[in-house]
Each structure stands twice: as structure tokens, then as C-alpha cells.
Amino acid sequence: MRAIDVVDGSLTLTDLPDPVPGPGEVLVRVAAAGVNRADLLQRAGHYPPPPGASPVIGLECSGTVVALGDDVEGWQVGDEVAALLAGGGYAELVAVPAGQLLPVPAGIDLVDAAALPEAVCTVWSNLVHVAHLRPGQSLLVHGGSGGVGSMAIQLAAAAGVRVLTTAGGPERCARCEELGAEAAIDHRAEDVVERVRALTEGRGVDVILDVLGGGALGRNVAMLATGGRLVIIGTQQGRRGELDVGALLARRASVHATTLRARSLTEKAAIVADVCERAWPLIADGTVGPVVHARLPLDQAAQAHELMDSGAVFGKVLLLP
Ligand SMILES: NC(=O)c1ccc[n+]([C@@H]2O[C@H](COP(=O)([O-])OP(=O)(O)OC[C@H]3O[C@@H](n4cnc5c(N)ncnc54)[C@H](OP(=O)(O)O)[C@@H]3O)[C@@H](O)[C@H]2O)c1
């Protein structure tokens, strides 16, 4: 099969042996692969695949089932699927544990379905399972313009959550508000802590979904309401920060940090099953949708990464083999 290989940090289209689906796995012919910020880290050698995962980059795809391994139930050759991957998406074929497959939601184009699995599973697992975010509560999404952030805004707004978000520049902020954010704060021009305080009458927000990490730790805790939950999923502002435990105590607040990729097959299957049952219907009925910035051929993977690096992407970039 044709796949993207990393040679000395460069993305190169190459021929690799076809993957063989093991027990409990299906083989998917890829229609499109979603590009994630983590892919840029893996390419640079900072985010190695977990043991047993494909060394090929790519954390999500859509496509058609072309073969079944032993002991697979509930899926047939010919099924159109979206898949959460531990790796292997930047290729024509990928072997996927059956528990990480989702049907393509009604009304969604097979290619565009590749924009969904990583973002929806990340948002759902962190906001619902970790932060226990409830209707009527408030949420701050850092980077509402990103692949994860644009999905977080939509899912939370659909659940009756009051959504505030940050993005870089007025146009990106306006698009976040079109997706359902009550207010989008331009992190390049505004004091985010002050704006969040003003927008919440000094109370702060119940939950923060954070992609910034260490450098934003103090400011994030300062924006939490009593009983607030900070959920960190990215380290775009570094791995280390200073935590004012007194500020946390005063708020009876908590700090969580998670990764999806490193979870066990059982945990991923449980997340995917809950997403399928409770989030997928919101996509099938048109309340929530994939936000696709660009669709590029697989041999332009390097250009896709340059686009991500440029800061111009709103939502997701897809690669089509
Ligand atoms: N832990 C997990 O399981 C998990 C899963 C998926 C993703 N992630 C992480 O989540 C992050 C987002 O991933 P992605 O694929 O959605 O990336 P992405 O599409 O590149 O989005 C990154 C976002 O970060 C925003 N940003 C940059 N600097 C900011 C700042 N100072 N304040 C607020 N926002 C800022 C950008 O907003 P502007 O361009 O508008 O400034 C952009 O929208 C990455 O760090 C990724 O590694 C973690």
C-alpha cells in the first residue's frame, strides 16, 4: 500500500506492506485521514506511538471495511466507518480494533467523517467522563478554532452548556460564535482572565478544556468557579507551570490531565461506544457537524502539516489517499 513515512523528519510517500488485521481487528480502506496537532509532534520525534501501534502517523480516518480478522462481530465487509486509531491513518489501508469503529453518521460525507473520531472522542471523554459537565454549567474552551475546540463548542452548546472560548483574531472569534459559543475572546488582543471574570459576573467557569498546559496553569485556575474542573489535554504553552494550591483550595477545584491515545483498548472501546450512543445522534440530526478547512491528497501530507503550522487552519485538515 501507499503510505506516508517519516524520513529524517520529512514526510515521504512510500510503499509499505499491507497491514493484516489481527483477532478482533478489521482492515479499512482509507477514504480520508484527519490531521491532528499531535501528528506534527510525532513527526518531530516528540510523541512516539504506543507499544504495538503502527509507526505510520495518523490518529483517525474514515473508509470502508475490506476484511475482517478473527472474532469480529457486528461489522461486515463494505461497511462505511469512521475510526479512532493509535496510528496508521496516513495510508491506503489500516488495521483497526473493532471497538474503535463508528458507523458514518447519516447525512455525513464519507470523506468528511474522518474529521470526527479524534475530536469527538477527546471532547466527550474529557467533558462528560472526566469533568462531568452538565447542562446549565459554563465551559471555557481554549482554542475554539482548532480541530478539538471547534467540536467542543458544538457538543457543549448542543448539551445546553454556556460556552465561552478563546481564538486568535476577530475573524476566528466570529466563526467560534457561529458554531455556538456565547462569547469568543481574542487571546491575541484581550486579557482572557479579565474577560472571563466579566462574562461570569466574577464567578468564573465550571469547566475549562485546556490545550495550553503548563504556561497557562495559573491563569486557568484563576478563572475556575467554586467546584471548577480544569481539564488539560495539550501542552502548547509547555509542560511545566506553577500551581497556586491556595487558589485551588479556596475554590475546592480540581486539575485533571488526560491523553486518549495511550488508553487501553478496553477504555477506548468504552469511550467509542458512549460516543456512538450519545454524541453520534447529534451529528446524524445535523446539530453538530465536522468542521473541514481543507481536503488534500495524501502525497501533500507535508503541505498539510505546513498549513497546520501556519495557524490559518480553522477546524480540520483531511488527507485523501
Ligand atoms: N490529550 C488528548 O487526548 C488530546 C487529543 C487530541 C488533541 N490533543 C491536543 O489538543 C490540542 C489541540 O489539538 P488540535 O488537533 O485541535 O490542534 P489545532 O487544530 O492545531 O488547534 C490548536 C488550537 O490552539 C489554539 N491556540 C494556540 N495558542 C493559543 C493561545 N495562546 N490561547 C488560546 N488558544 C490558543 C489555536 O487557536 P488560534 O489559532 O485561533 O490562535 C488553535 O485553534 C493539541 O495540543 C493536541 O496535542 C490532545
Side-chain angles (χ1 to χ4, degrees), residues 33-44 46-47 50 57-60 84-86 89 114-127 129-131 140-155 164-177 179 181 184-193 195-196 208-217 219-220 223 230-239 241 256-263 267-268 271 275 290-294 304-318:
V35 176
N36 287 276
R37 187 143 292 269
D39 302 349
L40 282 66
L41 296 177
Q42 180 170 341
R43 172 189 181 179
H46 301 310
Y47 193 48
I57 292 176
L59 297 175
E60 61 187 339
L84 182 68
L85 310 172
L116 295 169
E118 175 74 13
V120 179
C121 291
T122 298
V123 170
W124 197 262
S125 58
N126 284 291
L127 296 187
H129 302 154
V130 177
L140 174 65
V141 177
H142 276 302
S145 46
V148 171
S150 57
M151 185 53 64
I153 292 173
Q154 294 184 79
L155 284 170
L164 311 180
T165 192
T166 60
E171 285 169 20
R172 295 167 78 74
C173 285
R175 290 194 65 186
C176 290
E177 290 174 357
L179 287 175
I185 303 161
D186 181 352
H187 66 77
R188 291 188 197 149
E190 299 181 75
D191 182 326
V192 176
V193 178
R195 273 299 304 282
V196 166
I208 300 176
L209 184 65
D210 176 51
V211 295
L212 302 175
L217 189 55
R219 279 175 284 131
N220 277 333
M223 290 188 283
L230 167 61
V231 188
I232 303 169
I233 61 165
T235 54
Q236 293 186 87
Q237 286 186 354
R239 296 171 57 145
H256 307 257
T258 73
T259 62
L260 184 57
R261 189 189 200 186
R263 289 177 186 248
E267 286 176 288
K268 286 183 189 170
I271 291 167
V275 159
V291 180
V292 179
H293 181 92
H305 281 205
E306 280 168 25
L307 196 54
M308 289 286 282
D309 253 346
S310 74
V313 173
F314 190 101
K316 284 275 188 180
V317 175
L318 304 180

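Counting from 1, the numbers follow the sequence of the chain as shown. Atoms within each ligand, like the ligands themselves, are counted from 1 in listed order. Basis for what follows: all heavy atoms, side chains included, without hydrogens, waters or symmetry-related copies.
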Inset, instruction - Indicate yes or no: does an N/O atom of Gln237 lie under 3.5 Å from an N/O atom of ligand 1? - result: yes
Inset, instruction - Just jot down the ligand 1 atoms closer than 4.0 angstrom to any heavy atom of Glu118, in number order. - result: 5 (C), 6 (C)
Inset, instruction - Consider every N or O of Leu41 and every N or O of ligand 1, then say whether any pair is closer than 3.5 Å. - result: no
Legend entry - Contact check: Thr258 vs ligand 1, nitrogen or oxygen atoms, below 3.5 angstrom: yes
Legend entry - Closest heavy-atom pair and its distance - Leu116, Glu60: C-OE1, 3.9 Å
Inset, instruction - Please name all residues satisfying ring-ring contact (aromatic ring centres under 6.0 Å, His included) with His305, sequence neighbours left out, ordered by chain then number. - result: Tyr90
Legend entry - Closest protein heavy atom to atom 47 (O) of ligand 1, given as residue, atom name and distance to 0.1 Å: Ala38 N, 4.2 Å
Inset, instruction - Nearest heavy atom to atom 26 (N) of ligand 1 wins, so pick from His187, Arg263, Glu171, Met308. - result: His187
Legend entry - Closest non-hydrogen atom pair, Ser310 against Leu307: OG-O, 2.6 Å
Inset, instruction - Provide the number and element of each atom of ligand 1 under 4.0 Å from a heavy atom of Ala167. - result: 40 (O)
Inset, instruction - Only heavy atoms count here, so choose which of Gly143, Gly311, Ser125 is nearest to atom 25 (C) of ligand 1. - result: Gly143
Inset, instruction - Report the C-alpha distance between Val141 and Leu164 in whole Å, list the side-chain angles of each, state the deciding distance to 0.1 Å, and finish with yes or no for side chain to side chain contact (heavy atoms under 4.5 Å, CB included). - result: CA-CA 6 Å; Val141 177; Leu164 311 180; over 6 Å; no
Legend entry - Distance, nearest 0.5 Å, that separates CE of Met308 from NZ of Lys316: 7.5 Å
Inset, instruction - Quick one: look at Arg37 and ligand 1, take heavy-atom pairs under 4.0 Å, and tell me if it's side chain, backbone, both or neither. - result: both
Inset, instruction - Answer yes or no for Arg261 and Tyr47: cation-pi contact, defined as NZ/CZ to six-membered ring centre under 6.0 Å and angle to ring axis within 45°. - result: yes
Inset, instruction - Please report which non-hydrogen protein atom sits nearest to atom 37 (O) of ligand 1, along with the residue it belongs to and the distance in Å to one decimal place. - result: Ser145 OG, 3.1 Å
Legend entry - atom 23 (C) of ligand 1: the protein heavy-atom neighbour that sits closest, reported with distance to 0.1 Å: Gln236 NE2, 4.0 Å
Inset, instruction - Could you tell me whether some N/O pair between Leu260 and ligand 1 is separated by less than 3.5 angstrom? - result: yes
Legend entry - Atoms of ligand 1, numbered as shown, that sit under 4.0 Å from any heavy atom of Gly168: 38 (P), 40 (O), 41 (O)
Legend entry - Ile233-ligand 1 polar pair, N/O distance under 3.5 Å: yes
Inset, instruction - Using distance alone, decide if ligand 1 has a nitrogen or oxygen within less than 3.5 Å of any nitrogen or oxygen in Gly146. - result: yes
Legend entry - CA sep, side-chain torsions, deciding dist, call: Val192, Met223, side chain to side chain contact (heavy atoms under 4.5 Å, CB included): CA-CA 9 Å; Val192 176; Met223 290 188 283; 4.0 Å; yes
Legend entry - Per-atom contacts of ligand 1 with Gly234, taking only distances under 4.0 Å to non-hydrogen atoms: 45 (O)
Inset, instruction - Heavy-atom distances under 4.0 Å are what count here, so tell me which part of Thr122 touches ligand 1: side chain, backbone, both or neither. - result: side chain
Inset, instruction - Drop me the distance from Gln237's CD to Asp210's CG, to the nearest 0.5 angstrom. - result: 8.0 Å
Inset, instruction - Scan side-chain atoms only and decide if His142 and Asn220 contain a donor-acceptor pair under the 3.5 Å cut-off. - result: yes
Legend entry - Separation of Leu230 CG from Leu217 CG (nearest 0.5 Å): 6.5 Å
Inset, instruction - Show your reasoning for whether side chain to side chain contact (heavy atoms under 4.5 Å, CB included) applies to Leu209 and Leu140. - result: CA-CA 6 Å; Leu209 184 65; Leu140 174 65; over 6 Å; no
Legend entry - For Thr259, atoms of ligand 1 separated by under 4.0 Å from a heavy atom: 1 (N), 2 (C), 3 (O)
Legend entry - Per-atom contacts of ligand 1 with Thr166, taking only distances under 4.0 Å to non-hydrogen atoms: 33 (C), 34 (N)
Inset, instruction - Identify, for atom 12 (C) of ligand 1, the protein heavy atom at the shortest distance, and state residue, atom and that distance. - result: Val211 CG1, 3.7 Å
Inset, instruction - Rounded to the nearest 0.5 Å, what's the gap from OG1 on Thr122 to CG on Asn36? Could you check? - result: 7.5 Å
Inset, instruction - Could you tell me whether Glu171 atom CD has more than 12 heavy atoms of other residues or ligands within 6.0 Å of it? - result: no
Legend entry - Straight-line distance of Asp186 CG to Asp191 CG, nearest 0.5 Å: 12.0 Å
Inset, instruction - Specify the protein heavy atom at minimum distance from atom 19 (O) of ligand 1: its residue, its atom name, and the distance to 0.1 Å. - result: Gly147 N, 2.8 Å
Legend entry - Carboxylate-amine/guanidinium proximity below 4.0 Å for Arg172 and Glu177: no
Legend entry - Per-residue contact class, Val313 against ligand 1 - non-hydrogen pairs under 4.0 Å: neither
Inset, instruction - Could you tell me the residue and atom name of the protein heavy atom closest to atom 16 (O) of ligand 1, and the distance to it rounded to 0.1 Å? - result: Val148 N, 2.8 Å
Inset, instruction - Report yes if His142 has an N/O atom closer than 3.5 Å to an N/O atom of ligand 1; otherwise report no. - result: no
Inset, instruction - Report yes if some N/O of Arg172 lies less than 3.5 Å from some N/O of ligand 1; otherwise report no. - result: yes
Legend entry - Nitrogen or oxygen atoms of Gly144 and ligand 1 under 3.5 Å apart: no
Inset, instruction - Report the C-alpha distance between Leu155 and Val120 in whole Å, list the side-chain angles of each, state the deciding distance to 0.1 Å, and finish with yes or no for side chain to side chain contact (heavy atoms under 4.5 Å, CB included). - result: CA-CA 8 Å; Leu155 284 170; Val120 179; 4.2 Å; yes
Inset, instruction - Look only at interatomic distance and state if Arg261 has a nitrogen or oxygen under 3.5 Å from any nitrogen or oxygen of ligand 1. - result: no
